[in-house]
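Worth knowing before you read on, the calculation uses all heavy atoms, side chains too, and leaves out hydrogens, waters and symmetry mates. Throughout, protein chains are lettered first and strands after them, A, B, ... in sequence-line order, and every chain is numbered starting at 1. It should be emphasised that the depicted structure is a prediction, and the values quoted were computed from it without experimental measurement.
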Protein chains: 2
Amino acid sequence: METVVKKTRKQQIEEKATKLFRQKGYAATSMRDLAQVLGIEAASLYSHIKSKEEILQKICFRMADEFFDAWKEVEMESGNHAAKMEKAAICYVKVITKNTDASAVFFHEWRHLSEPYLSEFLAMKNDYEGRFIKILRDGMQSGEFHEADEKFMMLTILSSLNWTHNWYKPSGNLSPEEVGSKLANLILNGLKK
Amino acid sequence: METVVKKTRKQQIEEKATKLFRQKGYAATSMRDLAQVLGIEAASLYSHIKSKEEILQKICFRMADEFFDAWKEVEMESGNHAAKMEKAAICYVKVITKNTDASAVFFHEWRHLSEPYLSEFLAMKNDYEGRFIKILRDGMQSGEFHEADEKFMMLTILSSLNWTHNWYKPSGNLSPEEVGSKLANLILNGLKK
DNA sequence: AATACTTGCTAACACCTGTTAGCCTCATTA
DNA sequence: TAATGAGGCTAACAGGTGTTAGCAAGTATT
């Protein structure tokens, strides 16, 4: 017997919207599309939400919160910089795999946020990227990593991690930790023997 | 003195559309938006193009053609599998950096293609990914690469390469070849010393 | 029993969507 | 000089867009 947690109508709306936004994109998803999936009229949605964009905001900022939350674990890592990078990759991938739909929306649809949300979002993105850069810089200074352009490295690493949302299936045989670990290994040690 | 190549109106339309599709997304770009950028009325566009989707099709399939074209050079590479992978990365990145706008549209907006174009596109994508997988498999069999899930590897590698479109600036100090080479180096040898 | 909250409906609004029809002007070609 | 084609216009179409107003029924709380 499982305990069925009762979801509010608002949560149901956000859930279905996330799936649709991922599938068709935010702009190409109409409120009537969303209503149909829920079996109600489009106008009825507005008893629960303020606007279409509010849903997108919720998705984007909830994901951002989760990424920042996960970083706390990275800060506790006391090993060398390679260990820190591995930890960061694992925590990052854990967040993504926990909700692949929301991640996809988070990565692709944030540009449809209006101001001031867009600026706030970009500031957070910048902050987060800076944390990765710091690990890289520290690792280079200590001689642990190859010297290279930090930003270039960070973007390349994050793009490999980001892509997880596109192929990770919870039904597969890899746990989020394993995926993160394997990705970190590829990044740190490369393809060659 | 430079020779100014005269562009047909159709080419101008496709160029501006590519920029807009990248900036706002295909679905969020209206024909009136596009017309405004060109300084004409929306209806006037239809003297030159058949439909909005036709523009997207042109962009997507032209990019696909360029990727396949570039592969010819990869096939001529006679070195080991690491050399082949490096060559593939360089050729791939060259195509992306040559037109970052069209690449962004190619990577993000293809899902708005209607049938049968969508299926054709996906088949090509699959074919191309298979070519990367083959290099990986061969390299693993010959003992040159670490044993690992081929598809996982391919997706990770391609996602790092794909991301180039997002940050490459022709005005920067790295040539496409250098970018491809550096990316290949990171993929092959990893971050660690 | 009275109240408030949740959830939904229909009708409608003002505006935006891709696209077509029909017409005009101007530069090039026959 | 006549004909052609490129390029653009206005007006209009049929339908889709997010959203609001006003109302009604059912459920939970006081």
Side-chain angles (χ1 to χ4, degrees), chain A residues 4-61 105 108-118, chain B residues 4-61 105 108-118:
Chain A
V4 178
V5 180
K6 195 187 164 193
K7 283 174 193 150
T8 67
R9 204 65 171 127
K10 187 163 184 173
Q11 281 175 316
Q12 289 175 39
I13 291 173
E14 281 170 18
E15 218 167 88
K16 297 289 187 187
T18 306
K19 275 205 197 322
L20 279 178
F21 289 173
R22 178 193 194 162
Q23 224 173 81
K24 320 178 48 165
Y26 173 77
T29 301
S30 76
M31 296 305 272
R32 285 164 181 86
D33 289 339
L34 176 54
Q36 198 183 21
V37 170
L38 290 151
I40 59 175
E41 291 298 315
S44 306
L45 292 166
Y46 290 84
S47 301
H48 308 276
I49 57 156
K50 283 208 273 292
S51 67
K52 182 186 178 186
E53 205 199 299
E54 190 207 27
I55 306 178
L56 183 63
Q57 288 160 12
K58 282 267 170 63
I59 297 169
C60 289
F61 286 97
V105 175
H108 293 133
E109 309 295 337
W110 57 262
R111 62 177 160 177
H112 293 109
L113 290 171
S114 63
E115 293 295 356
Y117 303 97
L118 183 60
Chain B
V4 178
V5 180
K6 195 186 165 193
K7 284 175 193 148
T8 67
R9 207 63 171 128
K10 187 162 183 174
Q11 281 175 318
Q12 289 175 39
I13 291 173
E14 282 170 18
E15 219 168 88
K16 297 288 187 186
T18 306
K19 275 205 197 321
L20 279 178
F21 290 172
R22 177 190 194 163
Q23 225 172 80
K24 321 179 45 166
Y26 174 77
T29 302
S30 75
M31 296 305 272
R32 285 167 180 84
D33 289 339
L34 176 54
Q36 199 183 22
V37 171
L38 290 152
I40 58 175
E41 292 298 316
S44 305
L45 292 166
Y46 290 83
S47 300
H48 309 276
I49 56 157
K50 281 207 274 292
S51 67
K52 183 186 179 186
E53 206 199 299
E54 188 206 30
I55 306 178
L56 182 62
Q57 288 159 13
K58 282 267 171 64
I59 297 169
C60 289
F61 287 97
V105 175
H108 294 134
E109 310 295 337
W110 56 262
R111 63 178 159 176
H112 294 109
L113 291 170
S114 64
E115 294 292 357
Y117 303 98
L118 183 59

### Message
Any side-chain N or O of B:Ser47 below 4.0 angstrom from OP1/OP2 of D:dG7?
### Response
no
### Task
Search all heavy atoms of B:Glu41 against all heavy atoms of B:Ala35 and return the closest pair with its distance.
C-CB, 3.5 Å
### Message
Does D:dT20 have OP1 or OP2 under 4.0 Å away from a side-chain N or O of A:Tyr46?
### Response
no
### Message
Nearest whole Å is fine: how far is C:dT17 C1' from B:Gln36 CD?
### Response
16 Å
### Message
Distance check needed: D:dG18 C1' versus A:Phe21 CZ, whole Å only.
### Response
12 Å
### Message
Pick the closest DNA chain C nucleotide for B:Thr29 and for A:Ala43 by heavy atoms, then say which residue is nearer the 5' end.
### Response
A:Ala43
### Task
Take atom CD1 of A:Ile40 and atom P of C:dT10, then tell me their distance rounded to the nearest Å.
12 Å
#### Entry: Non-neighbouring partners of A:Ala43 that pass side chain to side chain contact (heavy atoms under 4.5 Å, CB included), sequence neighbours left out
none
### Atom-pair distance (CD on B:Gln11; P on D:dA6), nearest Å
14 Å
#### Entry: Side chain of A:Lys52 - closest among C:dG18, C:dG8, D:dT19
D:dT19
## Note on the structure
Rounded to whole Å, CD1 of B:Ile49 lies from P of D:dA6 at a distance of 16 Å
#### Entry: 5' priority, DNA chain D, between B:Arg9 and A:Asp33 [closest heavy atom]
B:Arg9
### Interatomic distance, A:Leu45 CG vs D:dT20 P [rounded to whole Å]
12 Å
### Query
Would a 4.5 Å heavy-atom cut-off, applied to side chains only, mark B:Gln57 and B:Lys50 as touching?
no
### Task
Any ring pair (Phe, Tyr, Trp, His ring centres under 6.0 Å) involving residues 31-51 of chain A? Give me the pairs, sequence neighbours left out, ordered by first then second residue.
none
### Query
D:dT19 C1' sits how many Å from A:Glu41 CD, rounded?
14 Å
### Query
Does some side-chain heavy atom of B:Glu115 sit less than 4.5 Å from a side-chain heavy atom of B:Leu118?
yes
### Message
With a 4.0 Å limit, can you tell me whether A:Arg32 has a side-chain N or O closer than that to the phosphate oxygens OP1/OP2 of D:dT19?
### Response
no
### Query
Is there a donor N/O on one and an acceptor N/O on the other, under 3.5 Å, for the side chain of B:Ser44 and the base of D:dG7?
no
### Message
It should be established whether B:His48 places a side-chain nitrogen or oxygen under 4.0 Å from OP1 or OP2 of nucleotide D:dG7.
### Response
yes
### Query
Which whole-number value in Å describes the distance from A:Met31 CE to C:dG8 P?
14 Å
